**Student:** 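Let me give you the structure first, and then I'll get to my questions.
Note on naming: letters A, B, ... go to the chains in the order of the sequence lines (proteins, then strands), and numbering restarts at 1 for each one. Treat the numbers as computed from the prediction; the structure is a model and nothing was measured.
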Protein chains: 2
Amino acid sequence: MNIGDAAKASGVSAKMIRYYEEIGLVPKAARRGSGYRDYGEADVHRLRFIRRARDLGFAVEEIGELLALWSDRTRASSAVKAMALSHVEDLRRKRDEIDGMIATLEGLAACCHGDDRPDCPILEELATETAPVGPPPGPPRFGRPGGRAPQRS
Amino acid sequence: MNIGDAAKASGVSAKMIRYYEEIGLVPKAARRGSGYRDYGEADVHRLRFIRRARDLGFAVEEIGELLALWSDRTRASSAVKAMALSHVEDLRRKRDEIDGMIATLEGLAACCHGDDRPDCPILEELATETAPVGPPPGPPRFGRPGGRAPQRS
DNA sequence: ATAAAGTTTCCCATCATGGGAAGGTCAAGG
DNA sequence: CCTTGACCTTCCCATGATGGGAAACTTTAT
């Protein structure tokens, strides 16, 4: 099986397959006489595993751990569960951060009449000298704890 | 004002201030005889604006547009509102994607007894030959439409 | 035999951020 | 006056996961 076929079969692009090999996430593929990489069912299986884990938001490094657990027949399921739940915590943090942004922006947008006139509470808020205000009407105030907003696409 | 003071006053690191200057997000700072950059209140004000916008998840390029609107006294507030709401849409998409991951992972984790035994539905799911199954008990099934999970920290 | 499609490696780009080195500048204290 | 430490400058490198593209080679189909 060529890399292209393995890519189609696993849903991982050929580029990424080579990358995963380079960083050691997957073992070095066998080579044919021509130098072409040669893949079997087991490799595709492994790649599919990786792709699924990526879809669930696991970082490549974490996937390495998952793969290790996967190939360890004596693993304790608690170890896997712990990884999963810890990852869920990460995801929740990110989601909450995004929710905070959404709440603030919607609050501001709701205050903005959004017509031809130039005065706009959104810009005013961004330009405020002091601390941010957020949506004036009561509900749950969003408070970013501190530090930079880390990643965003 | 030195760059360090501007950094403290604005909440943008000195590194990033130089970077923003380099990419043209902020105008080239005035220089003193020594070569040191020199900042005034207006510069700090602008940097603070940028930082706030970053905190709301705007990309640097979008912030450039926001700054342009900000400095355009004749802007229509509708333009700003449109940017804000379009960004909210982006954020919502990301959040929903994360929510899907959380739902799937929690469903799997709930099925995993999480003890010493090696059998683990989480790994089984990742290793499944066919399509993912997700949390078996009824509720809203999470369906990722297709394509890669794009960014994750 | 030739053309098309697939593969190889290598380099570059992204996006926002930080680390660190080598060297210049400034302010305070002796 | 000189030293010391804190600050500044530029330049290069790294991150994480992904893609783009070039130049050269192999395989496959016509």
**Student:** Checking the side chain of Arg75(B) only, and the main-chain atoms of Pro118(A) only, is there a donor and an acceptor separated by less than 3.5 Å?
**Tutor:**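 Such a contact is found between Arg75(B) side chain and Pro118(A) backbone.
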**Student:** Classify every nucleotide of nucleotides 5-10 of chain D by which part a protein heavy atom approaches to under 4.0 Å, writing B for the base, S for the sugar-phosphate alone and - for neither, in 5'-to-3' order.
**Tutor:** --BSBB
**Student:** A side-chain contact here means heavy atoms from C-beta on lying under 4.5 Å apart; do Val88(B) and Met101(A) qualify?
**Tutor:**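 Not in contact.
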**Student:** Could you tell me the separation between the NZ atom of Lys94(A) and the P atom of dG16(D), rounded to a whole number of Å?
**Tutor:**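 Taking NZ of Lys94(A) and P of dG16(D), I get 13 Å after rounding.
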**Student:** One pair to check against salt bridge (Lys or Arg N to Asp or Glu O under 4.0 Å): Glu106(A) and Arg92(B). What are the steps and the verdict?
**Tutor:** CA-CA 11 Å; Glu106(A) 287 194 324; Arg92(B) 243 196 274 274; 2.8 Å; yes
**Student:** Run Asp115(B) and Arg117(B) through salt bridge (Lys or Arg N to Asp or Glu O under 4.0 Å) and show every step you take.
**Tutor:** CA-CA 6 Å; Asp115(B) 56 17; Arg117(B) 283 170 291 167; 2.5 Å; yes
**Student:** For Ile23(B) and dT17(C), what is the distance between atoms CD1 and P respectively, to the nearest whole Å?
**Tutor:**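 The answer, rounded to whole Å, is 9 Å.
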**Student:** Once you round it to whole Å, what is the distance between P of dT18(D) and CD of Glu22(A)?
**Tutor:**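 Atom-to-atom, Glu22(A) to dT18(D), this comes out as 14 Å.
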**Student:** What is the distance, to the nearest angstrom, from the CD1 atom on Ile17(B) to the P atom on dT17(C)?
**Tutor:**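 After rounding, the reported distance stands at 12 Å.
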**Student:** Within this structure, what is the CE-to-C1' distance between Met16(A) and dG20(D), rounded to whole angstrom?
**Tutor:**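 Atom-to-atom, Met16(A) to dG20(D), this comes out as 14 Å.
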**Student:** From Met83(B) CE over to Leu69(B) CG, what is the distance, rounded to the nearest 0.5 angstrom?
**Tutor:**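 These two atoms lie 7.0 Å from each other.
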**Student:** Whether Arg32(A) contacts dT7(C) is assessed here as follows: a side-chain N or O lying under 4.0 Å from the phosphate OP1 or OP2. Is that the case?
**Tutor:**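 For Arg32(A), the contact criterion (side-chain N or O under 4.0 Å from OP1 or OP2 of dT7(C)) is not met.
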**Student:** Please confirm whether the shortest side-chain N or O distance from Tyr19(B) to OP1 or OP2 of dC15(C) is below 4.0 Å.
**Tutor:**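 No, no such contact exists.
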**Student:** Run the salt-bridge test on Arg93(B) and Asp96(B) with the 4.0 Å N-O cut-off and return the result as yes or no.
**Tutor:**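 Salt bridge absent between Arg93(B) and Asp96(B).
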